[in-house]
Amino acid sequence: MLLEPDVTVVVIVYNDAARLARAVRSVLEQSLPGVEVVIVDDASTDATPEVAARLAAAHQDRIRVFTLQANSGGCGRPRNVGIDAARGRYVMFLDSDDTLDRHACRNLVTTADETGADLVSGRCVRVFPDREQNWYPWLYRERRVYESVLDDPDLLYDTLSTNKCYRRDFLDRADLWFVDGLHYEDLLFSAQAYVAARRIVTIPHRVYNWFVVPRDDSLSITNRRAELRNFADRLEIHRRIDAVFHAHGADELARLKNVKFVNHDLLLYLRELRSRDPEYRRAFLELARSYLAELDPAVFAECNPLPAIGAYLVRRGDIEGAVAAADYAAKRGRKPVLSVEPVERDGRIYWSGDHLQAALRRRILDVTDLGLHSAPLDAFDLGGQVTAINRAGGELRLAGTVVNPLGRLGADLEPSGTLEIRDRRRKNRAFRIPVTVRHEADRIRWETEFAPARKIRPFGLVDQTWGLWLRLKVGGDTVTVRLTSDGTAHDGVRVPVRPRLTRLAGDHLEAYVAESGELALRIVGDRWPARVTLPVLRRVARTAVGRRWWQWFGRIERALIRRLTGRTTKVAVFNRLLVRLPVKKGAIVFESHLGAQYSDNPKYIHRALRESGVPYQAIWSYSGSRRGFPSDATLVRRGSWAYYRALARAEYWIDNQGFPAGLVKRPETTYIQTWHGSAFKRMGFDEPTVKQATRSEHARLATMVGRYDHFLVRSEHDVRTLVKGLGVTADLLRIGYPRNDALVTGGDSEEQTALRRRLGLEDDERTVVLYAPTFRTGENGRPAERFQIPFDLERFVREFGETHVLLIRAHYLSRVVVPPGLRGTVIDVGGEHDVTTLMLLADALITDYSSVMFDYALLERPMIFYTPDAEDYVSRRRGAYFDLAEHVPGPVVGDEAGLFAALGDLDGNRRDHADRRRRFVERFGEYDTGTAAKAIVERFFTGGDRG
């Protein structure tokens with residue numbers, strides 16, 4: 001027997017005979033030898049006592065077992081028994097359904113001994129059947145030593161007790177025990193430990209494996225959110241934590257903890273509230289309002305916007321508005337659902353028209369920055385209510401409403417729609433039924449009638465739940481609608497169904513609201529034999545063997561779907577099979593900005609071809625909406641099988657960025673790479689991040705560029721920078737950019753008139769200023785979805801609104817939000833595909849490092865270079881090919897005051913920088929003569945070079 005172990009690991013267990021041995025084995029196999037196990041059995045009624053006894057008998061020197069006489073109903077009492085029995089210098093906790101990493105004890109104890117820390121915490125990993133997920137990974141990126149939890153209050157997010165090692169004399173000194181009789185004992189214990197610890201250390205090592213079995217019939221206590229006691233206990237624990245913090249004079253921690261409660265804890269329950277019955281919702285509201293009333297209102301101002309709205313509306317008793325806020329605060333990987341009607345007041349957008357009497361309420365409910373008034377309609381799903389479900393014999397009639405936020409689904413547009421009954425496990429499998437749709441007041445109404453037994457034919461075992469969604473087409477937009485029910489419309493509804501696996505798998509569908517919010521249908525068995533066989537099949541599926549089979553089947557199924565529909569398969573089929581199809585003479589695949597737009601050089605080559613009268617087939621790739629693409633072209637969705645087939649059979653590829661990596665271009669296809677701008681920022685192999693990339697990444701870029709047959713350049717600067725940086729070896733076409741022909745010749749006057757009409761500037765004589773900044777990444781290195789305007793738009797309106805109009809054109813990968821109160825003076829033109837038409841409209845340009853500078857200079861109009869982040873963007877991130885201030889034909893300003901001063905002197909700008917503009921064009925646009933598109937058509941399509 002270990003007289004003084006280094007660590008005592010307390011393993012608590014209740015009715016978990018199947019997994020206890022795995023948990024204990026993970027302790028016995030620790031690389032640190034001096035580890036003992038204390039098993040505390042919480043009065044199990046299965047074979048757990050026998051398993052524990054066998055383990056103890058086999059390892060008498062390392063395992064002791066303690067058994068409670070009556071079940072405690074939680075984790076607190078068994079862990080306290082373990083603490084009391086522990087003999088180690090350190091104590092750790094392990095649940096019977098989880099495991100420790102093999103080096104967990106060594107890494108934690110060694111760190112504690114080295115630093116003298118009372119508490120050492122390591123990385124916990126949630127292990128799903130098909131993936132792993134780190135628990136609050138930003139806390140564990142590196143080893144950190146804290147003298148107090150106040151050094152990093154984010155530690156409060158990790159409230160687990162199981163991924164931590166506690167010095168035993170610290171537990172005694174601080175009198176730390178788990179609360180008995182309440183769930184969420186970890187939260188209180190961790191808060192007490194964080195406050196009392198003299199030193200805390202976090203390490204990046206993996207220490208704890210938290211196994212998550214989504215379809216387990218016996219949910220863990222903390223996942224039983226459908227039980228009202230669960231929420232009541234959570235609130236009581238939070239009250240006790242507040243008391244602990246206040247007792248230690250840590251009011252700042254209490255405030256931060258309450259922010260976390262709003263951002264995280266409350267949101268968990270609000271997201272699932274639609275699936276609860278009315279009695280639960282009433283009781284929940286009463287409990288939540290009571291606790292939220294105790295919080296300082298200033299807490300709401302510090303929370304994330306949507307959780308703050310949800311919490312504040314719960315406090316006000318508006319449960320529907322609160323649940324809608326939780327709908328929009330989408331989980332990662334899901335679209336937000338907009339299920340309320342926001343309102344506009346005084347040029348701002350508010351979540352609700354109610355509760356706006358006080359300044360604090362207006363501040364909390366102000367959602368202007370979400371861009372609900374201007375974001376593309378496919379950026380979110382809409383919320384819809386099923387208001388009636390009626391069964392008449394074998395027919396089912398459904399009717400309902402859909403929100404129409406801010407009237408964006410215009411009443412002048414005739415909507416149409418389809419009811420989709422989707423397999424909730426395989427979202428891409430659905431039964432589709434036409435619906436009748438009409439505008440009514442401020443909402444959209446729909447209805448349909450069908451026979452489920454004929455329209456819905458599930459297999460019966462692997463597809464037992466089906467969600468109800470709508471797809472609406474309004475104008476050129478397609479909108480997805482999640483359908484839900486308030487709990488009364490669908491009550492008691494059951495309809496016959498004929499599963500393909502016969503009636504053994506069920507004979508009826510019943511309606512219910514899933515925890516994710518949508519109204520759903522599930523297969524039930526009312527008659528013989530399904531009434532007998534279906535419960536048996538489900539019980540088998542919940543056994544250990546059944547769960548393993550289900551998980552195995554799910555993994556195989558998902559892998560098969562990924563294999564058949566994934567990009568890797570499509571590339572392989574392209575390279576081995578599709579390229580053997582005959583080339584279609586005259587077929588041209590056009591693509592601009594990876595399918596995002598009908599724009600740039602490919603657009604103007606397409607136009608010139610159209611005007612030439614040469615026979616050809618234009619195929620345009622699109623990645624989002626089809627709106628704005630030419631009606632006389634064949635459209636294929638980027639990444640679809642049709643897209644790859646078109647590329648395989650095309651005589652020409654014409655794009656401005658890059659067709660998918662991995663495609664081997666056949667010799668019969670000619671690839672004309674037009675690119676999308678001259679270079680100020682370092683590009684390709686000259687870019688710092690690419691220089692630091694792996695050899696395989698370098699090879700991938702070289703292979704993509706190696707497919708080019710021809711490459712457009714507009715100056716010898718392009719040859720020295722772009723061509724060299726990208727490693728281009730293709731034939732260089734020194735003809736300029738087709739998109740810039742219009743800037744030299746004046747462009748299409750009808751197109752300009754149509755643009756002015758769309759923007760509401762038809763008879764506006766104000767000076768038009770175009771702001772077109774470059775692309776930026778977020779903190780994670782990915783494209784920044786939203787571009788934050790780096791100057792005060794309201795100040796622009798105050799100072800220049802009478803004389804100027806500001807058009808904001810963010811990079812196509814980003815979007816901006818312009819408050820509706822500024823409409824008419826500040827206009828978001830990100831929805832316009834073609835920046836060339838915007839440049840022709842603009843009397844002046846504000847940019848930073850964007851290649852738009854090289855194009856706009858052709859117009860000989862004023863330019864301002866606003867670069868408040870030059871030190872970071874140019875010096876630290878990308879690097880540049882030349883000094884901006886030395887060459888650009890306009891003032892370079894770094895702050896708002898300089899920008900507004902430059903805007904006030906556009907006439908002086910035009911006059912003082914005329915010579916610099918001329919020299920700038922000579923250096924960077926020497927081949928832009930207005931004939932580029934014509935030159936390409938003549939060379940490749942009217943009897944010239946066909947290869």
Side-chain angles (χ1 to χ4, degrees), residues 75-76 118-119 121 124 135-140 144 146-164 166 174-179 182-202 221-222 225 230-271 284 287-312 314-315 322 325-326 329 360 364:
C75 301
D118 285 336
L119 186 162
S121 186
C124 169
W135 180 255
Y136 294 112
W138 73 85
L139 295 175
Y140 297 98
R144 291 180 180 172
Y146 305 102
E147 299 304 319
S148 162
V149 67
L150 285 171
D151 292 345
D152 186 1
D154 272 2
L155 290 170
L156 295 176
Y157 277 87
D158 182 7
T159 54
L160 299 178
S161 64
T162 48
N163 61 333
K164 298 172 177 63
Y166 307 88
D175 195 26
L176 279 177
W177 301 91
F178 288 88
V179 64
L182 290 173
H183 301 328
Y184 300 103
E185 67 292 324
D186 267 16
L187 274 67
L188 179 57
F189 184 85
S190 295
Q192 292 170 316
Y194 279 138
V195 170
R198 293 175 181 168
R199 181 170 292 164
I200 302 166
V201 180
T202 59
I221 290 170
T222 52
R225 289 190 288 272
N230 180 286
F231 184 59
D233 280 5
R234 190 185 285 260
L235 294 183
E236 177 58 27
I237 288 292
H238 273 276
R239 285 189 171 96
R240 296 192 185 194
I241 294 172
D242 290 335
V244 168
F245 287 156
H246 291 316
H248 283 79
D251 290 347
E252 174 73 2
L253 284 182
R255 183 181 58 77
L256 293 170
K257 186 275 299 179
N258 289 332
V259 169
K260 174 185 175 290
F261 172 80
V262 171
N263 281 342
H264 174 72
D265 298 51
L266 182 65
L267 198 61
L268 292 175
Y269 293 87
L270 288 177
R271 278 181 172 143
F284 172 88
L287 287 168
R289 289 185 74 180
S290 173
Y291 181 69
L292 290 170
E294 301 170 15
L295 303 188
D296 183 343
V299 166
F300 300 108
E302 295 187 39
C303 296
N304 296 334
L306 288 160
I309 290 171
Y312 197 76
V314 167
R315 181 166 162 161
L360 176 63
I364 293 172

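With R315 contributing its side chain and R289 its backbone, the two residues share no donor-acceptor pair below 3.5 Å.
Residues D186 and F178 meet the side-chain proximity criterion, which asks for heavy atoms closer than 4.5 Å. The side-chain heavy atoms of R144 and V201, taken from C-beta on, include no pair separated by under 4.5 Å. Counting heavy atoms from C-beta on, the side chains of T159 and Y184 never come closer than 4.5 Å. Contact annotation: the side chain of L306 never approaches that of L267 to less than 4.5 Å [non-hydrogen atoms, C-beta and beyond]. By the 4.5 Å heavy-atom criterion applied to side chains, K257 and V244 are not counted as neighbours. Side-chain contact between L235 and F261 is present, with at least one heavy-atom pair separated by less than 4.5 Å. With contacts defined as side-chain heavy-atom distances shorter than 4.5 Å, the pair D158/K164 qualifies. Between P153 and K260, every side-chain heavy-atom pair lies at or beyond the 4.5 Å cut-off.
Between A254 and H246, the shortest heavy-atom contact is CB-CE1, 3.9 Å. Between I237 and L188, the shortest heavy-atom contact is CG2-N, 3.9 Å.
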Evaluate the side chain to side chain contact (heavy atoms under 4.5 Å, CB included) criterion for residues F300 and L360: first the C-alpha distance (whole Å), next the side-chain angles of each, then the deciding distance (0.1 Å), finally the verdict.
-> CA-CA 9 Å; F300 300 108; L360 176 63; 5.6 Å; no

Criterion side chain to side chain contact (heavy atoms under 4.5 Å, CB included) on D242 and Y291, from CA distance to verdict | CA-CA 11 Å; D242 290 335; Y291 181 69; 3.0 Å; yes

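Taken from CG in L295 to CG in N258, the straight-line distance is 4.5 Å, to the nearest 0.5 Å. Atom CZ of R198 and atom CG of L119 lie 13.5 Å apart (nearest 0.5 Å). Taking CD1 of I309 as the reference point, atom CG of L270 lies at 12.0 Å (rounded to 0.5 Å). Note that CZ of F245 is 9.5 Å distant from CD of Q192, once rounded to the nearest 0.5 Å. To the nearest 0.5 Å, the span separating SG on C124 from CG on L160 amounts to 5.5 Å. The distance from the CG atom of L150 to the CG atom of L253 is 4.5 Å, given to the nearest 0.5 Å.
For the residue pair D152 / Y146, a side-chain donor-acceptor distance below 3.5 Å is found, with atom types taken as modelled. Counted by atom type alone, S121 and Y140 present one or more donor-acceptor pairs between their side chains at under 3.5 Å. Using a 3.5 Å distance cut-off with no hydrogens or angles, the side chains of D154 and Y136 do not pair a donor with an acceptor.
Of the options L182, D265, V179, L156, a side chain to side chain contact (heavy atoms under 4.5 Å, CB included) to L187 is made by D265 and by none of the others.
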